[in-house]
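Just follow the structure's listing: the first ligand is 1, and inside any ligand the first atom is 1.
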Amino acid sequence: MRYVQLGEVPRKHHIQFRQPDGSLYAEQVFGTRGFSGPMSTLYHINLPTEISGFEDKGSVKVEYLDDEALRHRHLKTAGMQPHGDAISGRVPLMGNQDLEWHQLVVAEQMETFYKNSDGDEILFIHDGSGELQSMFGTVKFLPGDYLVIPRGIIYRLVFDSLPTRMIALVCYGPVEIPKRYRNEYGQILEHAPYKERDFRAPDSLPVHREKGEFQVLIRARNRHTLYTHPYHPLDVIGWDGYVFPYAFNINDFQPITGKIHMPPPIHQTFACHNFVVCSFCPRMLDYHPQAIPVPYNHSNVDSDEVLYYVNDKFGSRKGIEEGSITLHPLGIPHGPQPGAVEASLGATRTEELAVMVDTFHPFKLTKNALEIESPDYWKSWQTKRS
Ligand SMILES: [Fe+2]
């Protein structure tokens, strides 16, 4: 990402840094890929290693359906009922060896803090607002925000109001800015659809000195373990480095437009291991006088393509609604439904807003997905014959 410093840090790393009572702050080097990846250095009031107990909370391994027939899928999340908090309310819909897709309609505030050590998280906030409170400080969030939380960060979400609809992607590999958007120094280039200022790092660092019993639910090895600390886990006086949680709002994505139809990679927002996350945003459409603004049929023979429709205005799709998810699996072509090409001619603008995840390994669905599936979606490409 980039270098950020927040709060108090000593003149150099790994030297004595004392609290007002003369005791040493506890330094923690926080890396997400050993000692050769991005790192930050934090200074705690308490020992981050000290716990007063732990409790096994069981497996969180997602169970997938096997041996399903190949077909286009349409899931409707609009009817999902509010349930649980931002962690317990996660409903896994699909996943593979690289990521899990969880859908949420959050009903409750989080009572414990959370740490996902199995993967980086991308949380997409469909509606609602609030604060991401973390050991790195606070990031305020708004509708349309992607919250990127690197693995191992202790956090909780505090919502201004509930219920809130959101997606939680658990990414087993790192979440990064695509390399083609950056120069050799890591800086974001002028042709990229965003700049550093669009990425909102924590901007305040409330320091908690409270003692007592504080719980952190840790996901690691596909299990939840509930840790109890004798101090508040957000006890960091300062930090610096390249690892921290941040927000990026989908409305800050600057769409790249062209004379004729531009391919999906221009919408790429994040690069992940074996998958990408793209943002389809309101924009001017192609300006060639004979342009066809909706996409051509395409054979994504090596890529599963999942779209989450943040609104119901998607030019090439019929029959979708706000909160719909379509899965166009690898192995068969997809494209606009009959009539969509003709209907698009002459259009100068689209108001579509959608999040896309393209994977190189097939997604498997869960039983939860079947419960919200619109099973006749595959018929939506049938042309009517008299
Ligand atoms: Fe596509």
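Hydrophobic cluster membership for M39: V29, F35 (Ile, Leu, Val, Met, Phe, Trp, Tyr linked by side-chain heavy atoms under 4.5 Å, directly or transitively).
No donor-acceptor contact under 3.5 angstrom links the side chains of T257 and Y287, judged on distance only.
Excluding waters, the protein N/O/S atoms found under 2.8 Å from the Fe ion (ligand 1) are H298 NE2, E305 OE1, E305 OE2, H334 NE2.
Using a distance-only test at 3.5 Å, with no hydrogens or angles considered, no donor-acceptor pair links the side chain of E63 to the main chain of T366.
I153 approaches F244 most closely through the heavy-atom pair CD1-C, 4.1 Å.
Taken to the nearest 0.5 Å, the CG atom of L75 stands 10.5 Å off from the CG atom of N368.
Heavy-atom neighbours of Q290 CD from other residues, nucleotides or ligands within 6.0 Å: at or below the threshold of 12.
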